[in-house]
Asker: 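Please find one structure pasted underneath; my questions will follow.
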Amino acid sequence: MASTASNTWYRNPLVWLLILFPAWSVVAGVSTVVLAFQVFDGVVVDDYYARGKAINVTIERDVAAQRRGLTALATLAPAASGAGRSIEVRLTALDLSSLPGTLQLSLLHATHGGADVHVDLVRESPGLYRTALPPLAQGKFYLQIEAEDWRLVGALRQPAETVASLGPAQ
């Protein structure tokens with residue numbers, strides 16, 4: 001009778017080994033599903049075909065910025081009011097008087113579309129634009145300054161960098 005008691009299934013290590021691997025797979029699968037529903041990465045581009053057709057327009061905007069001799073230096077700083085942050089953009093161009101009164105600034109997060117920020121830059125003096133910014137997420141941002149017919153691009157890592165150089169895309 002003693003040999004029967006020692007041969008019970010739960011005392012055999014091979015049985016537990018056979019149970020462990022499927023149980024481990026179930027736990028890993030459930031955790032993957034939970035993670036997939038909790039973290040939404042967003043769609044990179046909703047209409048990729050239309051974006052592909054518009055690439056020539058984008059190239060023309062970069063060429064227009066090159067022809068005007070446009071470059072920019074963007075600097076993040078604490079806001080003058082003391083709350084939040086502001087961004088100051090200094091543009092250089094062949095003709096500063098031809099620059100518009102407002103420019104569109106897009107800070108596009110490299111991996112999370114929901115963290116993108118779009119603001120209007122207001123001219124304070126020739127070549128100097130400034131606006132307040134909402135809080136930025138951590139990570140790499142692609143900066144894009146746009147007017148009607150040209151654009152400048154650059155990159156900035158948050159919170160480590162506070163200055164970014166922008167120019168026409170190459």
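Just so you know, residue 1 is the first one in the sequence shown, and it goes up from there.
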Asker: Can you confirm whether Leu152 sits close enough to Trp150 that some side-chain heavy atom of one is under 4.5 Å from a side-chain heavy atom of the other?
Answerer: yes
Asker: Measure the shortest side-chain to side-chain distance between Gln66 and Asp62 over non-hydrogen atoms and say whether it is less than 4.5 angstrom.
Answerer: no
Asker: CH2 of Trp9 to CH2 of Trp16: how many Å apart, nearest 0.5 Å?
Answerer: 5.0 Å
Asker: Measure the shortest side-chain to side-chain distance between Val117 and Pro134 over non-hydrogen atoms and say whether it is less than 4.5 angstrom.
Answerer: yes
Asker: Could you tell me which non-hydrogen atom of Tyr142 sits nearest to which non-hydrogen atom of Ala110, and how far apart they are?
Answerer: CE1-CB, 3.7 Å
Asker: Do Trp24 and Leu17 belong to the same hydrophobic cluster, where Ile, Leu, Val, Met, Phe, Trp and Tyr are linked whenever their side-chain heavy atoms lie under 4.5 Å apart, directly or via other members?
Answerer: yes
Asker: Hey, are the side chains of Gln158 and Phe141 touching, using non-hydrogen atoms and a 4.5 Å cut-off?
Answerer: yes
Asker: Nearest 0.5 Å, what's the CG-CD distance between Leu166 and Gln144?
Answerer: 9.5 Å
Asker: Can you tell me how far the CG atom of Asp149 sits from the CD atom of Glu60, to the nearest 0.5 Å?
Answerer: 10.5 Å
Asker: Is it true that a side-chain atom of Arg123 and a backbone atom of Leu99 form a donor plus acceptor pair closer than 3.5 Å?
Answerer: yes
Asker: Under a 4.5 Å side-chain heavy-atom rule over Ile, Leu, Val, Met, Phe, Trp and Tyr, are Val15 and Tyr10 clustered together?
Answerer: yes
Asker: Considering non-hydrogen atoms only, spot the tightest contact between Asp95 and Ser98 and give its length.
Answerer: O-OG, 2.9 Å
Asker: Where do Val89 and Ala74 come nearest, in terms of heavy atoms and distance?
Answerer: CG2-CB, 4.1 Å
Asker: Please determine whether a side-chain nitrogen of the Lys or Arg among Arg151 and Glu146 lies less than 4.0 Å from a carboxylate oxygen of the Asp or Glu.
Answerer: no
Asker: How many angstroms lie between atom CD1 of Ile145 and atom CG of Leu107, to the nearest 0.5 angstrom?
Answerer: 9.0 Å
Asker: So, taking the atom named CD in Gln138 and the one named NE2 in His112, what distance separates them when rounded to the nearest 0.5 Å?
Answerer: 11.0 Å
Asker: Does Leu70 share a hydrophobic cluster with Leu96, counting links as ILVMFWY side-chain heavy atoms below 4.5 Å and allowing steps through other members?
Answerer: yes
Asker: What distance do Leu91 atom CG and Leu73 atom CG have between them, rounded to the nearest 0.5 Å?
Answerer: 10.0 Å
Asker: Is the closest side-chain heavy-atom distance between Gln104 and Asp120 below 4.5 Å?
Answerer: yes
Asker: Look only at the side chain of Glu161 and the backbone of Ala164, and say whether a donor-acceptor pair between them is shorter than 3.5 Å.
Answerer: no
Asker: Tell me whether Leu133 shares a hydrophobic cluster with Leu108, the cluster being built from Ile, Leu, Val, Met, Phe, Trp, Tyr side chains joined at under 4.5 Å.
Answerer: no
Asker: Keeping the roles fixed (side chain from Asp116, backbone from His109), state whether a donor-acceptor pair exists under 3.5 Å.
Answerer: yes
Asker: Which pair of non-hydrogen atoms, one from Leu103 and one from Ala147, has the smallest distance, and what is that distance?
Answerer: CD2-CB, 3.9 Å
Asker: Test of understanding: clusters of I, L, V, M, F, W, Y form through side-chain heavy atoms closer than 4.5 Å, transitively. Do Leu105 and Val153 belong to the same one?
Answerer: no
Asker: For the backbone of Leu76 and the side chain of Thr162, can you confirm whether one donor and one acceptor N or O come within less than 3.5 Å of each other?
Answerer: no
